[in-house]
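Everything numeric here is computed off the predicted structure, so don't read it as measured data.
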There are 2 protein chains.
Amino acid sequence: MSQQRHGSTPGNGPGERAGAVTAFPDLPEATIARLPEYLRALHNLGEAGGDTVSSEGLAAAAGVNSAKLRKDLSHLGSYGTRGVGYDVALLIEQIEYVLGLDQRRAVCLVGLGNLGHALAGYDGFASRGFKIVALFDADASKVGEEIQGLLVRHIEDLGRVAVEENIAIGVIATPADAAQAVADVLVDAGVTSILNFAPCVLSVPANVDVRKVDLAIELQILSFHEHRKASLTALPGGRSAPAGNQEAVGS
Amino acid sequence: MSQQRHGSTPGNGPGERAGAVTAFPDLPEATIARLPEYLRALHNLGEAGGDTVSSEGLAAAAGVNSAKLRKDLSHLGSYGTRGVGYDVALLIEQIEYVLGLDQRRAVCLVGLGNLGHALAGYDGFASRGFKIVALFDADASKVGEEIQGLLVRHIEDLGRVAVEENIAIGVIATPADAAQAVADVLVDAGVTSILNFAPCVLSVPANVDVRKVDLAIELQILSFHEHRKASLTALPGGRSAPAGNQEAVGS
DNA sequence: AGGCGCTTGTGAAGGTGTGCACAAATCGCG
DNA sequence: CGCGATTTGTGCACACCTTCACAAGCGCCT
């Protein structure tokens, strides 16, 4: 959500093999958002030694229900075996292919404040298909600094470096009032996907995808549920739950 | 999305009255997720001096379309004036009330690695209704360190401090393999809302809300769209947007 | 006072996503 | 070789969300 429409190719037959240069299954947005979670779960299971997983098992590991998982995977084609389950290695390969993770993608990060520093050092990127290849900031006092072995450059160099390094994804970790200007620079540099941590909306051309992560919004949503829970427990019979530790979902 | 059941009250029929005794509008989840965005936009508009906003104007500032915005707001009640628009101050007050932001909420943060440090210093929390009142880590070498004027305590103290400080929201910024244990501790300490940055699924009792933010997943979703776009431009007749800067206001 | 333009609030239609329940497919075993 | 246990893939019904289109309400101007 919060994205713009995604054109979908004309009607490509679903049955067709993957690998086709062109044929791209047009997956529901909701499914796409879950594939990375399945991928993570599969990697865990793979290290744990299993060769195959049932939809039930994988669903539990990914925190969804099994019917949904099966439907999601069926959109990619038929990579399971009835009566057996899914081949872990094969499924990993397929999902990585669909997500375009078979090639390591170059990412640049703009804004090296508190959050930017943390992102630059976050190893979850490197381990999951991405490589931060350049850091930018507008603040001259930060330019030249070295973080995680990468030099912070001035944002003026972004255009040139983006082309040199073939950067298609940019991460914005600047204050809100600088974000739109940065987005404009990124777009002009040919970046077509932006991950925005600044609390503001960005205007970009239709061919550019933007995803937004706003930490405060997440907390506010939780706050709502707190508020709601409080207003419920205030009324009905005594007290809230006994705080036991009943592990709702099977771990 | 990615949340567990929001059990609502028991099996309240659909049509049935909304506001339980407490009269709480039972808002669609999708609406709740957008309210914080409206709130932010309203604060911006308020500072810009406007007394009232039209649904069109607010929608643009929040990055949604106006019909959706009106429907969302209509769920809270009628706080607009036909022919005029919405009173900015009044609407801010209402949304803050619904989100439970009229009281500042105490938050604790567990895990002070790279990301944890950044979160501890993120001023977006303080400015939007939250206060980080305690920091915890399991690593003895971090305990005692002072970050942003707050002492890092050992996680063993979490239970006691959580009660003393009346903490209802916990943020997990630990590695994935520690996250479940931390969640268990939080739950035992009476925390009923968790924001999880660790890339793993958490098992918690049904009365606890969990929201997950996974930075790598966001990138992987963008990667998919990159992949798709690449496989499209490879085929059709010439193309590639002119990179102009045409402000295609996001939908 | 009355009419006119503007903007909200909402019924209804269409689309997307979810979950159930079951047929189809596969394996292992006697 | 056939049977039963198991597990995938999917048709269908339902719930949720989005979008359109318009009536109802409000303020302003004459």
Side-chain angles (χ1 to χ4, degrees), chain A residues 1-8 14-15 25-35 37-38 42 50-88 90-91 94, chain B residues 1-8 11-16 18 25-35 37-38 42 45 50-88 90-91 94 250-251:
Chain A
M1 55 190 54
S2 87
Q3 265 24 61
Q4 39 244 63
R5 206 68 6 249
H6 289 304
S8 90
D26 92 64
L27 304 169
E29 200 66 25
T31 295
I32 295 162
R34 282 187 296 264
L35 288 180
E37 195 70 47
Y38 301 156
L42 282 165
D51 272 5
T52 62
V53 224
S54 68
S55 63
E56 201 78 41
L58 181 52
V64 302
N65 83 34
S66 65
K68 199 187 309 199
L69 179 127
R70 287 200 300 277
K71 185 152 292 187
D72 282 342
L73 294 187
S74 77
H75 285 123
L76 314 185
S78 245
Y79 294 105
T81 307
R82 292 165 193 242
V84 179
Y86 298 91
D87 180 289
V88 173
L90 175 61
L91 197 49
Q94 271 307 314
Chain B
M1 59 210 61
S2 89
Q3 261 27 59
Q4 38 241 67
R5 208 69 8 238
H6 270 140
S8 55
N12 257 309
E16 213 33 64
D26 91 62
L27 304 169
E29 198 67 26
T31 295
I32 295 161
R34 280 187 297 264
L35 288 180
E37 195 71 44
Y38 301 156
L42 282 165
L45 292 170
D51 271 6
T52 62
V53 225
S54 68
S55 63
E56 201 78 41
L58 181 52
V64 302
N65 83 36
S66 65
K68 199 187 309 198
L69 179 127
R70 286 200 299 279
K71 183 146 288 188
D72 282 342
L73 294 187
S74 78
H75 285 123
L76 313 185
S78 243
Y79 293 105
T81 307
R82 291 158 129 104
V84 178
Y86 298 92
D87 181 289
V88 173
L90 176 62
L91 197 50
Q94 271 308 313
S251 77

If I take atom CG in residue B/L73 and atom P in nucleotide C/dT7, what distance separates them, rounded to the nearest angstrom? 16 Å
So which heavy atom on B/L45 is nearest to which on B/A61, and how close? CD1-CB, 4.5 Å
Taking atom P of C/dT26 as reference, at what distance in whole Å does atom OH of A/Y79 sit? 16 Å
For a quick check, tell me whether the side chain of B/K68 and the base of D/dT19 share a donor-acceptor pair closer than 3.5 Å. no
Scan side-chain atoms only and decide if B/D72 and B/Y38 contain a donor-acceptor pair under the 3.5 Å cut-off. yes
Value in whole Å for how far the P atom of C/dT8 lies from CG of B/L76: 14 Å
Can you measure A/D72 atom CG to C/dT16 atom P for me and round it to whole angstrom units? 16 Å
Kindly indicate whether the side chain of B/L91, heavy atoms from C-beta on, has any atom under 4.5 Å from the side chain of B/L58. yes
Rounded to whole Å, how long is the line connecting atom CD of A/E56 with atom P of D/dG9? 14 Å
Report yes if at least one side-chain N or O of B/N65 is closer than 4.0 Å to OP1 or OP2 of D/dT19; otherwise report no. yes
So, OP1 or OP2 of C/dG9: does either fall under 4.0 Å of a side-chain N or O from B/Y86? yes
Heavy atoms, side chains only, cut-off 4.5 Å: are B/T52 and B/T81 in contact? no
B/S54 side chain near C/dT7 phosphate (N/O to OP1/OP2, under 4.0 Å): no
Of the nucleotides D/dC17, D/dG9, D/dC12, which one has an atom closest to the side chain of B/E29? D/dC17
Readout for nucleotides 22-30 of chain D: B = base within 4.0 Å of protein heavy atom, S = sugar-phosphate only, - = neither; 5' to 3' it is --BBSS---
Under the salt bridge (Lys or Arg N to Asp or Glu O under 4.0 Å) test, residues paired with A/R70 that sit two or more places apart: none
Can you check the B/D26 CG to D/dA15 P distance for me, whole Å? 15 Å
Presence of donor-acceptor pair under 3.5 Å, side chain of A/K71 and base of C/dG19: yes
Can you tell me which nucleotide in D/dC17, D/dT8, C/dG17 comes closest to the side chain of A/P28? C/dG17
Please determine if a side-chain N or O atom of B/S78 lies less than 4.0 Å away from the OP1 or OP2 oxygen of C/dG9. yes
Rounded to whole Å, please give me the gap between CG in A/L58 and P in D/dG9. 12 Å
Start at the 5' end of DNA chain C and walk down; is the nucleotide closest to A/T31 or to A/A67 reached first? A/T31
For B/E37 and B/A62, which heavy atoms make the closest approach, and how far apart are they? CG-O, 3.6 Å
Salt bridge (Lys or Arg N to Asp or Glu O under 4.0 Å) contacts in which one or both residues fall within residues 51-69 of chain B, not counting sequence neighbours: none
Give the rounded distance in Å between these two atoms: NE2 of A/H75 and P of D/dG9. 12 Å
